[in-house]
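Heavy atoms only: backbone and side chains are in, while hydrogens, waters and symmetry mates are out. Residue numbers start at 1 and run along the sequence shown.
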Amino acid sequence: MATGAGDRADPLVETVAGLDEALAAVDAFDEVLVTGLLRPRPAQAAGLSELADAVAGSPLAAVAAEAAEKTAAGAAGEDHFAALAAARTALLGSVHDALTTRVEEVTGRPRGKGSVPAPGGPQAPNLLAAARSWLCDLARCGWQGIDHDLVSASAPVVSAMLPDPALRRLATLLDGFAAELAACCPGATLDRVPVRRWADLWSRALLLTLPGAADVPVTGTVTGRLLPLGVDLHEHATAVQAQVHAVFEPADGAAPRLVRACVSAPKPDTVVGAGLWQLLRPHMSLLAAVGEGRSMDLADMPVTAEGDLIWSDAYARPGEAVDAFATARVALSAASAPATAPLDRHPARIAVPVFLEGYATRSDDEGALTLTLAGADFAVDADRIPTAGPLTPEAVATSNACIGLLRWDAGTFTVQPLAVETTVRKKAVAVHAGAWAGGTADKAGVKAEKAATDAAAVLRERAGRLLRK
């Protein structure tokens, strides 16, 4: 794995002590939420006890034990539900830390110094309390007990939160969560419940309703050169986000570091594919730089301890042309990783930039791709390759080098390609998932952009009609 250590990938496929036990306790609690906690049955009481026992040696031991006891008796209050969510989050945090340690061992990448500051004081306590009350009602009813009346009760809270930038993170989470639940109502008819996913969303949202938890502390500013590696596009029915992973080189000559820059936008479910860039592009000049293969020069750009740039075009200007693969080969291995905030310590949030070369690719009968590198097999997470760009699983299959994100899913590490180098007519060609971020002359990209433009025009015209009535 050509990210620093370069010789060994086997630690990523070896068993991690205690990991299975921690995940089993999380699964036991998640099953409790399926049928709800209004009148817990013995099997649910056992699941609650398993969660409390798993954190018995931690500072959460007493509150988790009390919460499990009260909840099993059907007498849980909001504080008890919050304690259970905290215990679940702590367990997944321990899994995250163990897996991250393995990644550091393989990549040889230094960990950044410092810690994430504690959040500030409470904001909009009434709105947070309303959101917390709705989430507790969900827990009492369970996923099988949800109906449209229960789910729609979140709408006034979300509408009141969205205008406040400090609450928009939680509002977006609640909005997306409610949309997923609404699409599955009534819960009693569900053939399959996304148990882990909904428990993840529920516990994260509940903890974000605690005073100060949703604050994003800005810890300083940075000045220097930003070298983009690739774009990770996150799409939901109601929102879209582009997350640019990059290496930042400080102007004062300090060691390079890994950073991220994000831009998000609400979206109608009819805008998909390359049309997503039209929603995002006006809000972030960095997307144009990524599409053009340029660096960005930053001056006093705000940044959090987690390495997230609080992006503003006022603090950035386009720099010189730069090759992402040159950045990956030269600068990536020396770039330190940022700290991780407590609520973000979750195995699903592991997304470590890596540079891979010298691997072999193969596909099974169903078309699933696997990279073999340094004696270890890594599945290619092709489902995360966006349709809003020229990168395809076929390009990955014929590639000889890859910039990607190392992720962990369903018990194994996987690779999400952000860009690959392949050979076309004896020439090395780079194919990037975010190549169309700033616009494109590619025929397929132009066609997709035109279709998205037409769809957006129709939506604007319909919205105008509604406003005129």
Side-chain angles (χ1 to χ4, degrees), residues 1-4 6 103 106-110 112 222 224-234 241-250 255-263 280 284-298 301 303 306-309 311 316 318-338 349-357 359 371 378 380-381 384-386 388-391 395-396 399-407 414-422 428-438:
M1 185 165 294
T3 58
V103 173
V106 170
T107 63
R109 182 175 297 145
V222 290
R225 188 168 69 144
L226 189 70
L227 305 172
L229 292 167
V231 183
D232 182 17
L233 193 65
H234 307 154
Q241 179 187 73
Q243 187 175 64
V244 180
H245 290 262
V247 173
F248 175 72
E249 294 181 336
R257 56 194 283 197
L258 290 174
V259 296
R260 298 174 295 262
C262 297
V263 60
L280 297 168
M284 195 184 208
S285 60
L286 178 57
L287 293 179
V290 170
E292 295 169 4
R294 292 187 173 277
S295 64
M296 293 290 282
D297 295 321
L298 309 185
M301 180 74 74
V303 65
E306 281 197 281
D308 288 302
L309 300 172
W311 191 268
E320 61 187 7
V322 64
D323 179 16
F325 279 91
T327 299
R329 286 185 168 97
V330 175
L332 181 55
S333 62
S336 62
R349 290 180 63 86
I350 293 175
V352 181
V354 292
F355 173 63
L356 314 175
E357 62 181 349
Y359 50 79
L371 304 183
F378 298 94
V380 174
D381 194 346
R384 288 183 181 267
I385 299 175
L391 184 62
V396 178
S399 66
N400 46 56
C402 172
I403 300 172
L405 298 176
L406 191 64
R407 293 187 176 275
T414 63
V415 174
Q416 175 194 345
L418 299 180
V420 298
E421 276 188 341
T422 186
V429 176
V431 185
H432 296 262
W436 299 347

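Annotation for P228 and A324: closest pair O-CB, 3.7 Å, computed over non-hydrogen atoms. Nearest heavy-atom pair across V247 and A335 is CG1-CB, 4.2 Å. The two residues L233 and P386 come nearest to each other via the heavy atoms CD2-CB, 3.9 Å. Across all their heavy atoms, G307 and R257 have their closest contact at CA-NH2, 4.4 Å.
Counting heavy atoms from C-beta on, the side chains of L405 and H245 come closer than 4.5 Å. In this structure, the side chains of M301 and V222 come closer than 4.5 Å at one or more pairs of heavy atoms. For the pair Q243 and V263, the minimum side-chain heavy-atom distance is 4.5 Å or more. Annotation: side chain of I385 is in contact with side chain of P417 (closest heavy-atom distance under 4.5 Å).
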Begin from the C-alpha positions of D381 and V415 and carry the test side chain to side chain contact (heavy atoms under 4.5 Å, CB included) through to its verdict. CA-CA 6 Å; D381 194 346; V415 174; over 6 Å; no
Side chain to side chain contact (heavy atoms under 4.5 Å, CB included) between L226 and V244, worked out: CA-CA 11 Å; L226 189 70; V244 180; 5.9 Å; no
Starting from the C-alpha separation in whole Å, work towards a yes-or-no answer on side chain to side chain contact (heavy atoms under 4.5 Å, CB included) for L280 and L287. CA-CA 8 Å; L280 297 168; L287 293 179; 3.8 Å; yes
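The distance from the NE2 atom of H234 to the CZ atom of R384 is 6.5 Å, given to the nearest 0.5 Å. Atoms CG and CD1, from L229 and I403 in turn, are 5.5 Å apart once rounded to the nearest 0.5 Å. Atoms CZ and OG, from R294 and S285 in turn, are 12.5 Å apart once rounded to the nearest 0.5 Å. Put simply, SG on C262 and CG on D232 are 9.0 Å apart, with the number rounded to the nearest 0.5 Å. In this structure, CG on L332 lies 6.0 Å from CG on L258, to the nearest 0.5 angstrom.
Every residue meeting the side-chain contact (heavy atoms from CB on, under 4.5 Å) condition with R225, not counting sequence neighbours, appears here in chain and number order: L227, E249, S295, D297, E320. A261 is linked by a side-chain contact (heavy atoms from CB on, under 4.5 Å) to M284, L286, L309, W311, counting only residues two or more places apart in sequence or in another chain. Taking R329 as the reference, F325, F355, E357, A401, E421 meet the side-chain contact (heavy atoms from CB on, under 4.5 Å) condition, with sequence neighbours excluded. With sequence neighbours left out, the side-chain contact (heavy atoms from CB on, under 4.5 Å) criterion links D308 to R260, T304, E306. By the side chain to side chain donor-acceptor pair (under 3.5 Å) test, T414 pairs with no residue at all, sequence neighbours left out. The salt bridge (charged side-chain N to carboxylate O under 4.0 Å, His left out) check on D323 picks up nothing, with sequence neighbours excluded.
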